[in-house]
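Worksheet: the structure to be examined is printed underneath.
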Amino acid sequence: MTIRLHNTLTRSKEEFRPIDPQNVRMYVCGPTVYDRAHLGNARPVVVFDVLYRLLRHVYGPGHVTYVRNITDVDDRINETARKRRAAGAAGTLEELIRERTEETIAWYHADMAALGTLPPGHEPRATDHIAGMIAMIEGLIERGHAYAADGHVLFRVASYAGYGRLSGRTVEDMIAGARVEVAPYKEDPMDFVLWKPSDDDLPGWDSPWGRGRPGWHIECSAMSEALLGPEFDIHGGGIDLQFPHHENEIAQSCCAHPQAQFARTWLHNEMLMVEGRKMSKSLGNFFTVRDLLDKGVPGEVIRMVFLGTHYRKPMDWTEEKRREAEAALRRWRGLTAGIEPAASPAPGVVAALSDDLNTAGAIAELHALAGAGDGAGLLASARLMGLLTDELGHWAEAGTGALDALADRLAAARAAAMDSKDFSEVDRMKAALVAAGVEVRMSKAGVELLPGAGFDPAKLEGL
RNA sequence: GGCGGGUUGGCGGAGAGGUUACGCAGCGGAUUGCAAAUCCGUGUAGACCGGUUCGAUUCCGGUACCCGCCUCCA
C-alpha cells in the first residue's frame, strides 16, 4: 500500500517513502502546558494519531517512532506561577512552575486519552533538553548563523537563503507586512530570539550568555534532533505554526546541520472553527475538551466529528455534527456487539486513509461496510481509525441495564393491551422512552430498547 | 498592505476529465395496534465569467465573496 501525503514544502501530494522503513520517524508539535487543552488543540492530536495508526499498520507497530514534545518553558506558565505565589501559595517559583506543568500534563494526557489517541513513543519536555538547545545555539554562532547581543542570542535570518520556503513568502514580503518586532539588539528586524535573559522572577538556566531561557522555536529543533536525528520523515502541526514556528525550526536545524534535510514531509492541519470563526485565545471563543466531556459528549463522538472533515480543511464544530456522529456510532456499536474484528481492515478504508488521510472517505467506506452487514470488517476498519475500540465504548453502554428491565415491562404492557385494546399505558411508556432518547423497537418477536442519539439515562427515573 | 487557502445538492462532506460518493434530513412504499427502527425506491449539486477539450463541477486564467497567516495560538 502506497501512502500519499500532502507536503506543505512542495504544496503537492507526494508518495511517502520513509528514509528507513524499519524506523519511520514522525515529530508533531505538542502542547504548551499552561492550561487545559481547548478543542482546537485536540485536532492535530487526533489527525496525527490516525497517521500514526496508519503508519503502524503499513510498516509494523514496532517500526514507527512518534515524538510529540511538551513545552514547559513559557511566559504564561511563569505568569500563573507568579500569581499563585502572590496569592500566598507555598514553595519557590520553580516549584510552583513545576506544579503547574505537572498538573497540566496530567490533564492533557487524560483528555487526549478520552479521544482515543495513542500515546506517542516519546514526549520530551523542553526543560529536560536545555543543554541540547545551548549546544545547538553555540554551533549556530560558530557557523555565523546567530549572534549574541545584550544577553540575547538571535538567529541571523539573512544568513539562511532558504528562509521563507515553507511558508511561501520572501523576507521582502514579510518586511512589507511591517509587523515584526523591532528591538535595539537586533541586527535586522526579521531576526528571531534563540535565547533570552531571565531576571530573578523568571526560571532560568546558566549559559555562555548568562542566566536565561530558550526562545520558542529552538526546543523543537533540539528535541527532534536528540530523538530522531538531524533528518527524519514527517513533521506535523497546526497550519498556524507554519509561520513563524516551523519556518524558524527549519532555519535553525538546517543551519546547524547543513548536510541534513531536517524534516522531509511537512503536514499541517487546518484550524477548528466555532460558529464560523477560528477558535483562538485572542478571540476568546474557545472551550476545552474537558468542557465537552463534562457536558456528556463522549470522546469517541468528538473523534468521529473530527474525522468527518479532511484535515486540510477548516472544520466547524456544530451541535448537528455531534448528533449525527453519536447516532452513527450507536448504530455501529449495536451492529458489532459481540463480534470479533476481521483479521485486517477493509482495503477501501486503508486506501482512503493512504490517500492523504482521507478520513471522510474512510468513514463513507465504514458506512458501506455497515450497510452490507459486515460487522467484522466494520470493526477492524473502524479500529484502524481509533473508533469502536473497547476503551472508548463505555458511554454507549451506560444505562442499558435499566433499559432491559423496562423492555420487559413494556412487553408485558403491550401483551395486555393486545387483549384489552387499550394502548394508553403502552403509548405513555413509549413516549417517555422516546423523550429520554431511547429507540423503541416493537416487533412481533418482542420489544427492544436501544439508546439513541442524546440518550439520557436520568430521564428514565420516572418510569 | 504582503502571502496562502477555500467556494459542491435542504444540511454536512468526498472522489473522479465522460458512469450512483457517502451520511443526515425529505418524499413514496413495505412493515406496525399507532409508531420507531429496518428494508426497498427516490434527489442529478458544484460561486460567477472566459479558455483548453469531442466532453469540465473536475485542468488553466480572471472576477466576486469567505477564511487564515504575517502578533501568543494546534
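Note that the structure is a prediction, hence the values are computed from the model and not measured. Just the heavy atoms: all of them, side chains too, but no hydrogens, waters or symmetry mates, feed the values below. Numbers restart at 1 for each chain; the letters A, B, ... are given by sequence-line order, proteins then strands.
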Worksheet item: Can you find a donor-acceptor N/O pair under 3.5 angstrom joining the side chain of Asp427(A) to the base of G33(B)?
Response: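 Checked by distance alone, the answer is yes.
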Under a 3.5 Å cut-off for both contacts, is [N] paired Watson-Crick or G-U wobble with anything, and if yes, with which nucleotide?
{"N": "C48(B)", "value": "G62(B)"}
{"N": "A56(B)", "value": "none"}
{"N": "G26(B)", "value": "U42(B)"}
{"N": "A21(B)", "value": "none"}
{"N": "G9(B)", "value": "none"}
{"N": "U31(B)", "value": "none"}

In whole Å, what separates the [atom1] atom of [N] from that of [M]?
{"N": "U20(B)", "M": "C3(B)", "atom1": "C1'", "answer": "40 Å"}
{"N": "G61(B)", "M": "G2(B)", "atom1": "C1'", "answer": "22 Å"}
{"N": "G26(B)", "M": "G12(B)", "atom1": "C1'", "answer": "15 Å"}
{"N": "C27(B)", "M": "A35(B)", "atom1": "P", "answer": "14 Å"}
{"N": "U44(B)", "M": "G9(B)", "atom1": "P", "answer": "14 Å"}
{"N": "G51(B)", "M": "G1(B)", "atom1": "P", "answer": "31 Å"}
{"N": "C11(B)", "M": "A25(B)", "atom1": "C1'", "answer": "8 Å"}
{"N": "C22(B)", "M": "G62(B)", "atom1": "P", "answer": "35 Å"}

For [X] and [Y], test the side chains for any donor-to-acceptor distance below 3.5 angstrom and give the result as yes or no.
{"X": "Asp49(A)", "Y": "Tyr66(A)", "value": "no"}
{"X": "Asp291(A)", "Y": "Thr288(A)", "value": "yes"}
{"X": "Thr71(A)", "Y": "Glu219(A)", "value": "yes"}
{"X": "Thr318(A)", "Y": "Asp316(A)", "value": "no"}

Pick base, sugar-phosphate or nothing for [X], based on heavy-atom distances below 4.0 Å to the nucleic acid.
{"X": "Leu366(A)", "answer": "nothing"}
{"X": "His245(A)", "answer": "nothing"}
{"X": "Gly308(A)", "answer": "sugar-phosphate"}
{"X": "Arg331(A)", "answer": "sugar-phosphate"}
{"X": "Val426(A)", "answer": "base"}
{"X": "Lys430(A)", "answer": "base"}
{"X": "Glu324(A)", "answer": "base"}

Discussion item. Give me syn or anti for G33(B), where syn covers glycosidic angles within 90 degrees of 0.
Written reply: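 Anti, since the glycosidic angle lies more than 90° from 0.
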Nearest whole Å is fine: how far is [N] [atom2] from [X] [atom1]?
{"X": "Arg428(A)", "N": "G33(B)", "atom1": "CZ", "atom2": "P", "result": "21 Å"}
{"X": "Glu365(A)", "N": "C22(B)", "atom1": "CD", "atom2": "P", "result": "11 Å"}
{"X": "Arg323(A)", "N": "G23(B)", "atom1": "CZ", "atom2": "C1'", "result": "11 Å"}
{"X": "His38(A)", "N": "C72(B)", "atom1": "NE2", "atom2": "P", "result": "15 Å"}
{"X": "Arg312(A)", "N": "U7(B)", "atom1": "CZ", "atom2": "P", "result": "11 Å"}
{"X": "Arg441(A)", "N": "C34(B)", "atom1": "CZ", "atom2": "C1'", "result": "18 Å"}
{"X": "His310(A)", "N": "G6(B)", "atom1": "NE2", "atom2": "P", "result": "11 Å"}
{"X": "Met418(A)", "N": "A35(B)", "atom1": "CE", "atom2": "P", "result": "14 Å"}

Can you identify which nucleotide, out of [options], has its nearest atom closest to the [X] side chain?
{"X": "Asn41(A)", "options": "C34(B), C72(B), A74(B)", "value": "A74(B)"}
{"X": "Met273(A)", "options": "C34(B), C67(B), A74(B)", "value": "C67(B)"}
{"X": "Ala364(A)", "options": "G33(B), A21(B), A74(B)", "value": "A21(B)"}
{"X": "Ala360(A)", "options": "C24(B), A21(B), G13(B)", "value": "G13(B)"}
{"X": "Asp355(A)", "options": "G15(B), C70(B), A74(B)", "value": "G15(B)"}
{"X": "Arg414(A)", "options": "C72(B), G33(B), A14(B)", "value": "G33(B)"}

Can you say whether the rings of [X] and [Y] are parallel (under 30°), tilted (30 to 60°) or perpendicular (over 60°)?
{"X": "His217(A)", "Y": "His245(A)", "result": "tilted"}
{"X": "His235(A)", "Y": "Tyr27(A)", "result": "tilted"}
{"X": "His268(A)", "Y": "Trp266(A)", "result": "parallel"}

Practice prompt. Only one of Trp195(A), Phe192(A), Tyr163(A) passes ring pair (Phe, Tyr, Trp, His ring centres under 6.0 Å) with Phe155(A); say which it is.
Written response: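 The option that passes is Phe192(A).
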Practice prompt. Using heavy atoms to find the nearest nucleotide of RNA chain B for Ile363(A) and Ala42(A) separately, return the residue whose nucleotide is more 5′.
Written response: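 Mapping each residue to its closest nucleotide by heavy atoms, the 5'-most match is Ile363(A).
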Item to complete: Between Gly371(A) and Trp216(A), name the one whose nearest nucleotide on RNA chain B is closer to the 5' end.
Response: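 Looking at RNA chain B, the more 5' nearest nucleotide goes with Gly371(A).
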Check the interface with nucleotides 26-30 of chain B: list each N/O to N/O pair with the protein under 3.5 Å, or write none.
none

Worksheet item: For Leu384(A), which residues count as a side chain to side chain contact (heavy atoms under 4.5 Å, CB included) partner, sequence neighbours excluded?
Response: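 Residues passing side chain to side chain contact (heavy atoms under 4.5 Å, CB included) with Leu384(A): His57(A), Pro345(A), Val350(A), Leu353(A).
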Practice prompt. Examine G13(B): is either OP1 or OP2 under 4.0 Å from a nitrogen or oxygen in the side chain of Thr309(A)? Give yes or no.
Written response: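 Yes, such a contact exists.
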Discussion item. Check the phosphate of A14(B) against Lys313(A), side-chain N and O only, distance under 4.0 Å to OP1 or OP2. Yes or no?
Written reply: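 Yes, because at least one side-chain N or O of Lys313(A) sits under 4.0 Å from OP1 or OP2 of A14(B).
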Discussion item. For Lys13(A), is the NZ atom crowded, meaning more than 12 foreign heavy atoms sit under 6.0 Å from it?
Written reply: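 Counting neighbours around NZ of Lys13(A), more than 12 heavy atoms of other residues, nucleotides or ligands fall under 6.0 Å, so yes.
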Worksheet entry | Neighbour count >12 (heavy atoms, 6.0 Å) for atom CZ, Arg165(A) |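 No.
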